[in-house]
Number of protein chains: 2
Amino acid sequence: MTGVVRLLLADDEHLIRGALAALLSLEDDLVVVAEAASGPEALAMARAHQPDVAVLDLQMPGADGVKVATSLRAELPGCQVLIVTSHGRPGHLKRALAAGVRGFVPKTVSAQRLAEIIRTVHAGNRYVDPELAADAIAAGDSPLTVREAEVLELAADGAPVAEIAERAALSQGTVRNYLSSAVSKLGAENRHSAVRLARERGWV
Amino acid sequence: MTGVVRLLLADDEHLIRGALAALLSLEDDLVVVAEAASGPEALAMARAHQPDVAVLDLQMPGADGVKVATSLRAELPGCQVLIVTSHGRPGHLKRALAAGVRGFVPKTVSAQRLAEIIRTVHAGNRYVDPELAADAIAAGDSPLTVREAEVLELAADGAPVAEIAERAALSQGTVRNYLSSAVSKLGAENRHSAVRLARERGWV
DNA sequence: CACTCGGCATGACAAATGTCAGAGGCGGAG
DNA sequence: CTCCGCCTCTGACATTTGTCATGCCGAGTG
């Protein structure tokens, strides 16, 4: 019907990439035309080989899966992007969908299942792992106000309040206030874990 | 000669485990006799199938690779353990070697290379990825004193000083002192990043 | 033995952080 | 229009955290 699906595989873990290529090649209608071990390399390979579907790992050296996906959408509109990941953090899923990614699955799926999902994506449909989707929905929308998120982001690298205040053009008291409010909304113990939590949920 | 090597494969990522099993089975002298997706399951499988070599992922639900390795050494002395990991943090390597692990490699190696390493380990030799080994040596020994490390560990989950003091049976001033000393030795900005750094280097 | 050095421990003090009550503005409900 | 609720912002106050000077003790050294 749709003929053969040409695949680009990108993952920095050689072991997995090779194994994956071998397994997917067992499927008659799938063929791996290119492999890459980093974000930039994936882009270059995509330009050279014009795959139908790009299977990208979320975490890669250079540029992560979502960044590659964004570039790919612009350069090769006909190429659908499927993201595969070990760590299914809600924030990543949200970012990925916003970047035009068509599929998002954890590495816990079987190869057979992955092959099916590749076909689904190639047909123009979307696929998001139900469990990851549930997590993302459960995480919901950010309870943080604009300023709270802004201040929390400035606090991300452990900067002292004085520096945050200067960079945000606010008084130190105000900064403490926003930080405190964010910490309580997130149910965190201190600003550091608040930053971590917000990161995980994709709210900063 | 050595005959066939019977393997146990443990990795929570179904995709990778399956792919790996398929690739390693292509080697004439390797046979995968059991697979597991979690630490406890790996132990159970090992008891049931008595493999020659256990290939364990470092991060798994239940019990991590090193814990499984420790139990395995006790229960099945004839079974050599090889650890495979995505994130090669020096501390992990150190812990693993202390637990009697015979091999430690990142997932960036190729399947062919992995097969060779499995044979090396099965023959009773050790194998540690040169790059990871270099990192571990560069990280060196902990500059922290016993108490510093102890207090830093108690501070790991963001507990306030008062709680740490109580749990360590020290005055709050002393706890602050150790924390401060650890922070400066590690070149960190605050206790939280100190904890992170010490974790990365395997000093806590 | 006398001396020095480093780890362990403490409290006093200074600095950073967290918490609170409240003022001003802006938009929607009544 | 008026009121209410929310966001924004502030300074004062309380708590927590970080730094310092100091004392004690045991191990190693001349």
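Just so it is clear, the model here is predicted, and its values are computed rather than measured. The sequence lines fix the lettering, A, B, ..., with proteins before strands; numbering per chain opens at 1.
In terms of position along DNA chain D, the nucleotide closest to A:Lys185 lies nearer the 5' end than the nucleotide closest to the other residue of the pair A:Leu170 and A:Lys185. Along DNA chain C, the nucleotide nearest B:Gln172 and the nucleotide nearest B:Pro143 are compared for position; the residue whose nucleotide lies closer to the 5' end is B:Pro143.
Look at B:Thr174 and you won't find any side-chain N or O under 4.0 angstrom from OP1 or OP2 of C:dG11. The phosphate of D:dT19 has OP1 or OP2 within less than 4.0 Å of a side-chain N or O from B:Ser180. Contact between the side-chain N/O atoms of B:Ser171 and the OP1/OP2 oxygens of C:dT10 is found at a separation under 4.0 Å. The side chain of A:Arg176 places no N or O atom within less than 4.0 Å of a non-bridging phosphate oxygen (OP1 or OP2) of C:dA16.
Separating the CD atom of B:Glu148 from the P atom of D:dG18 is a distance of 14 Å, rounded to the nearest angstrom. Protein atom OH of A:Tyr178 is 16 Å distant from nucleotide atom C1' of C:dT19, rounded to whole Å. For the pair B:Asn177 CG and D:dG23 P, the interatomic distance rounds to 15 Å; values are reported in whole Å. In this structure, B:Glu189 atom CD and D:dG18 atom P are separated by 12 Å, rounded to whole Å. We find that NE2 of B:His192 is positioned 11 Å from C1' of D:dT16, with the value rounded to whole Å. Between B:Glu150 atom CD and C:dG7 atom P there is a gap of 16 Å when expressed in whole angstrom units. Rounded to a whole Å, the CG atom of B:Leu179 is 12 Å from the C1' atom of D:dT16.
The side chain of A:Val146 sits closest to D:dT8 out of C:dC8, D:dT17, D:dT8. With C:dG18, D:dG18, D:dT8 as the choices, the nucleotide that has an atom nearest any side-chain atom of B:Asn190 turns out to be D:dG18.
Put simply, the side chain of B:Asp52 never gets that close to the backbone of B:Val5: no donor and acceptor are under 3.5 Å apart. Looking only at distances, a side-chain donor or acceptor of A:Asp64 sits under 3.5 Å from a matching main-chain atom of A:Lys67.
B:Arg147 comes within 4.0 angstrom of the backbone, heavy atoms only, and of no base.
Between B:Ser193 and B:Asn190, the side chains place a donor N or O and an acceptor N or O closer than 3.5 Å (distance only, hydrogens not considered). A donor-acceptor pair shorter than 3.5 Å can be found between the side chains of A:Glu148 and A:Ser181.
Using a 4.5 Å heavy-atom cutoff, the side chains of A:Gln80 and A:Arg73 are in contact.
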